[in-house]
Amino acid sequence: MSTAPTARPVRGTHDLVGEELRRHRAVAETGRTIAARWGYQEIVTPIFEHTEVFARSLGDVSDIVTKEMYTFTDRGGESITLRPENTAGVCRAVISLGLWQQLPVKLFYYGPMFRYERPQKGRLRQFHQIGIECIGAPEPLADAEVIAAGAHTLEALGVLEATVLELNTLGDRESRARYREALVAYLRGHEARLSADSKLRLERNPLRILDSKDEGDRAIVAEAPLLSEFLNEASRTFYARVKEALDRLEVRYVENPRLVRGLDYYTHTAFEFTTTRLGAQGAVLAGGRYDGLVKTLGGPDVPGVGWAAGVERLSLLLAETPPALRPVAIVPIGEAAEAEAWVLARDLRRAGFAVELAFEGKPAKRMKRADRLGAAVALFLGEEERARGTVKLRLLDSGREEEVPRTDLVARLREVP
RNA sequence: GCGGGCGUAGCUCAGUUGGUCAGAGCGCCAGGUUGUGGCCCUGGAGGUCGUGGGUUCGAGACCCAUCGCUCGCCCCA
């Protein structure tokens with residue numbers, strides 16, 4: 001297909017329509033519904049923020065900040081960035097709106113995110129996430145609640161069995177710092193044999209080397225000191241409490257001591273629901289605790305836990321496409337009926353039905369269209385029916401027909417499945 | 001940013017060693033049925049073979065570049 005630039009979507013962007021849209025919507029709506037049941041209220045924040053919001057929160061060495069953000073200077077000379085994720089934006093809003101005065105705040109969001117990456121299956125430049133954030137709760141119970149709500153969301157989507165929940169703790173800042181030192185010291189000893197990527201990570205984000213896919217790296221990492229050995233008492237009990245609560249809620253998980261997070265603001269709990277069905281894009285819903293983030297953004301020292309899930313990825317995992325709305329098709333026969341059909345259509349729409357009424361065409365053509373649109377019912381309006389004040393109702397699945405008085409029509413249509 | 005694969009009608013794809021190779025199925029439009037869809041029959045529209053160069057008497061097929069898609073790395077949801 002040769003396509004003019006003006007007719008081509010930007011690389012890594014996608015139009016959503018029809019079945020794909022219905023799957024997408026099902027994910028977003030299920031997320032919203034389940035979040036509401038857990039007491040999480042929806043928030044919609046702007047899709048762009050001051051660049052500083054992301055630069056500060058994500059850490060200035062993360063890949064997202066250094067090479068994946070859509071950043072531009074607006075006409076007022078301000079540096080603006082299209083959000084690459086939404087935790088920072090939600091925290092910023094919590095500060096801006098003073099929501100931290102009534103803690104904990106529990107928020108759900110859905111919306112587009114932007115990352116300049118090489119597109120792949122389940123990885124787009126404009127993609128969508130749903131997510132929840134529980135801000136202001138220092139208790140391990142909050143971590144468990146957030147994870148359980150994530151599991152519930154996946155269950156409601158029918159994809160929980162397709163995933164495994166991996167769990168780890170990064171400890172508090174003190175534990176993490178001590179571990180980081182020990183890890184770097186160990187890795188320095190093997191630096192020569194580290195992959196090129198990991199040599200760079202040694203400077204920028206050494207914890208990331210733990211989940212490297214390079215075989216050589218893995219061999220070295222296998223002998224590396226474990227984070228769990230460096231946890232202080234507080235971090236250790238915190239983690240134990242999270243696990244206890246998850247056990248109580250019957251949320252199944254697998255501990256993965258090498259699970260780390262790419263973003264700097266995480267502390268304590270880190271978790272990831274992964275699947276093997278999506279190739280390299282295995283993470284489907286992931287998150288953790290971010291106790292320092294709100295303060296970093298200029299707010300009070302308030303803790304937080306949350307997760308984000310990729311809507312496109314979940315949509316790919318959905319077993320079935322939600323059915324489309326089945327309209328009622330009106331088929332006028334003859335000039336006079338034509339005008340009357342529009343009035344009938346208006347009345348039925350007001351009564352709550354989705355109505356299809358074509359602008360033109362013979363009955364056969366209109367019926368073909370009705371069939372293609374998946375109509376459940378066709379209403380024939382011709383001379384005979386008009387004379388009798390009725391309409392001929394045809395059930396399109398069975399082909400059965402009946403004549404219904406206009407006055408009974410709405411009641412009769414309500415009985416159609 | 002790095003490496004591999006692919007790019008022919010709206011969609012899924014055939015196109016042998018370069019020489020009627022511009023095709024099929026589905027879809028779409030029209031008719032068969034001027035009061036009725038899904039099946040069937042008939043006919044039709046639709047492609048400068050992603051784009052730009054090159055090799056050749058001749059390229060959809062070969063070479064180069066470029067754009068896009070895709071898989072892996074990376075990153076992450």
Side-chain angles (χ1 to χ4, degrees), chain A residues 1-5 7-14 27 31 58 62-69 84-87 110 112-113 115-124 127-131 150 154 163 195-198 200-201 204-205 208 211-215 217 260-263 271-275 278-288 306-317 329-335 337 356 361-386 392-399 401:
Chain A
M1 168 178 58
S2 87
T3 318
R8 209 192 309 133
V10 171
R11 185 143 130 104
T13 67
H14 217 330
V27 173
L58 303 180
S62 75
D63 277 36
I64 292 182
V65 171
T66 53
K67 47 193 192 200
E68 294 180 358
M69 296 204 305
E85 56 96 51
N86 205 27
T87 299
Y110 155 76
M113 310 292 159
R115 250 118 99 157
Y116 190 84
E117 294 186 279
R118 183 115 173 217
Q120 264 181 50
K121 180 190 291 247
R123 191 170 87 180
L124 298 167
F127 61 104
H128 298 75
Q129 289 187 330
I130 53 175
L154 296 178
T163 68
S195 69
D197 280 330
S198 287
L200 286 173
R201 286 191 278 229
R204 309 191 137 194
N205 200 350
R208 270 260 154 237
D211 64 359
S212 170
K213 287 176 188 165
D214 182 86
E215 281 197 28
D217 288 353
V260 294
R261 312 272 64 203
L263 309 182
F271 62 93
E272 206 164 285
F273 287 85
T274 60
T275 180
L278 255 31
Q281 267 60 54
V284 127
L285 183 154
W307 51 255
V311 175
E312 284 80 1
R313 289 183 187 178
L314 288 173
S315 162
L316 287 169
L317 288 180
I330 299 181
V331 181
I333 297 157
E335 273 299 307
E356 163 63 19
K362 300 185 298 189
K365 181 179 174 182
R366 293 174 190 257
M367 282 301 287
K368 276 183 185 156
R369 184 175 167 78
D371 188 55
R372 203 185 325 126
L373 293 172
V377 175
L379 301 176
F380 296 98
L381 186 59
E383 290 313 311
E384 301 158 29
E385 290 84 2
R386 292 181 59 233
K392 188 181 280 179
L393 183 153
R394 181 179 174 92
L395 296 166
L396 295 183
D397 290 338
S398 63
E401 292 191 348

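In what follows, chains are A, B, ... by sequence order, proteins preceding strands, each numbered from 1.
Along RNA chain B, the nucleotide nearest A/Gly310 and the nucleotide nearest A/Ser212 are compared for position; the residue whose nucleotide lies closer to the 5' end is A/Ser212. In this structure, A/Phe273 and A/Asp197 both approach RNA chain B, and ranking their closest nucleotides by distance from the 5' end singles out A/Asp197.
For the side-chain hydrogen bond (donor to acceptor under 3.5 Å, both in side chains) test, residues two or more places apart in sequence or in another chain that qualify with A/Glu401 are A/Arg394. Listed by chain and number, the residues in a salt bridge (Lys or Arg N to Asp or Glu O under 4.0 Å) with A/Arg369 are A/Glu356 (sequence neighbours excluded). Evaluation of the side chain to side chain contact (heavy atoms under 4.5 Å, CB included) rule for A/Leu381 yields A/Ala337, A/Glu340, A/Ala341, A/Leu344, A/Arg386, A/Val391, A/Arg406 as partners, not counting sequence neighbours. Taking A/Arg366 as the reference, A/Glu338 meet the salt bridge (Lys or Arg N to Asp or Glu O under 4.0 Å) condition, with sequence neighbours excluded. By the salt bridge (Lys or Arg N to Asp or Glu O under 4.0 Å) test, A/Lys365 pairs with A/Glu360, sequence neighbours left out. Remark: A/Thr274 engages A/Val164, A/Glu166, A/Glu272 in a side chain to side chain contact (heavy atoms under 4.5 Å, CB included) (not counting sequence neighbours). Among residues two or more places apart in sequence or in another chain, the side-chain hydrogen bond (donor to acceptor under 3.5 Å, both in side chains) test is passed with A/Arg115 by none. Residues meeting the side chain to side chain contact (heavy atoms under 4.5 Å, CB included) test with A/Asp197, sequence neighbours left out: A/Ser195, A/Arg201. Judged as a side chain to side chain contact (heavy atoms under 4.5 Å, CB included), and not counting sequence neighbours, the contacts of A/Leu393 are A/Val377, A/Leu379, A/Leu395, A/Glu402, A/Val404, A/Leu409, A/Arg412, A/Leu413.
Rounded to a whole Å, the CG atom of A/Asp211 is 12 Å from the P atom of B/A77. Here B/A77 presents its P atom at 12 Å from CG of A/Asn86, a figure rounded to the nearest Å. Rounded to whole Å, atom C1' of B/U70 lies 14 Å from atom CG of A/Leu316. Rounded to whole Å, atom P of B/G72 lies 14 Å from atom CD of A/Glu117. Rounded to an integer number of Å, the gap from A/Arg123 CZ to B/C75 P is 10 Å. Note: CZ (A/Arg115) to P (B/C75) measures 13 Å, nearest angstrom. Atom P of nucleotide B/A77 and atom OH of A/Tyr110 are separated by 18 Å, given to the nearest angstrom. The CG atom of A/Asp217 sits 12 Å away from the C1' atom of B/C74 (whole-angstrom rounding).
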Completion exercise
Its dot-bracket string being built from Watson-Crick and G-U pairs below 3.5 Å, with | for another strand and [ ] for crossing, RNA chain B has the pattern (((((((..((((.....[...)))).(((((.......))))).....(((((..]....))))))))))))....

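Using a 4.0 Å heavy-atom cutoff across all strands shown, A/Ala378 reaches no nucleic acid atom at all. A/Glu272 comes within 4.0 angstrom of nothing in the nucleic acid, heavy atoms only. Nucleic acid contact for A/Val284: sugar-phosphate only, since backbone atoms but no base atoms lie under 4.0 Å from a heavy atom of the residue. Across all strands shown, A/Gly12 has heavy atoms under 4.0 Å from sugar-phosphate atoms exclusively, and none from any base.
Rounded to the nearest Å, the gap between the P atom of B/C6 and that of B/G15 is 14 Å. Of the C1' atoms belonging to B/U48 and B/U12, the separation is 23 Å, rounded to the nearest Å. The gap from the C1' atom of B/C75 to that of B/C2 amounts to 13 Å, rounded to the nearest Å. Rounded to the nearest Å, the gap between the C1' atom of B/A65 and that of B/C11 is 30 Å. The same atom, P, is picked in B/U33 and in B/A22; the two are 38 Å apart, to the nearest Å. Comparing the P positions of B/U17 and B/C21 gives a spacing of 15 Å, expressed to the nearest Å. Using atom P as the reference point in both B/C13 and B/U70, the two lie 14 Å apart (nearest Å). Across B/C39 and B/C26, the matching P atoms stand 10 Å from one another, rounded to whole Å.
No side-chain heavy atom of A/Val311 sits less than 4.5 Å from a side-chain heavy atom of A/Phe127. Proximity of A/Leu396 to A/Met367: side-chain heavy atoms (C-beta onward) are separated by under 4.5 Å at one or more points. A heavy-atom distance below 4.5 Å is not found between the side chains of A/Leu124 and A/Thr13. Counting only heavy atoms from C-beta outward, the side chains of A/His128 and A/Pro112 approach each other to under 4.5 Å.
Under 4.0 angstrom from either OP1 or OP2 of B/C75 there lies at least one side-chain N or O belonging to A/Arg201.
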Table of protein N/O atoms under 3.5 Å from nucleotides 3-5 of chain B N/O atoms:
from : atom 1 : to       : atom 2 : distance (Å)
B/G3 : O6     : A/Arg118 : NH2    : 3.3

Practice task
Please step through side-chain contact (heavy atoms from CB on, under 4.5 Å) for the pair A/Arg123 and A/Arg118, ending with a clear verdict.
Solution key: CA-CA 8 Å; A/Arg123 191 170 87 180; A/Arg118 183 115 173 217; 3.5 Å; yes

Exercise for the section: At under 4.0 Å between heavy atoms, which parts of nucleotides 28-39 of chain B does protein reach? Answer with one letter per nucleotide, 5' to 3': B base, S sugar-phosphate only, - none. Expected result: SSSSS--BBBB-

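Taking every side-chain heavy atom of A/Arg11 into account, B/C69 is the closest of B/C71, B/A77, B/C69. Taking every side-chain heavy atom of A/Lys121 into account, B/C71 is the closest of B/C71, B/C73, B/C76.
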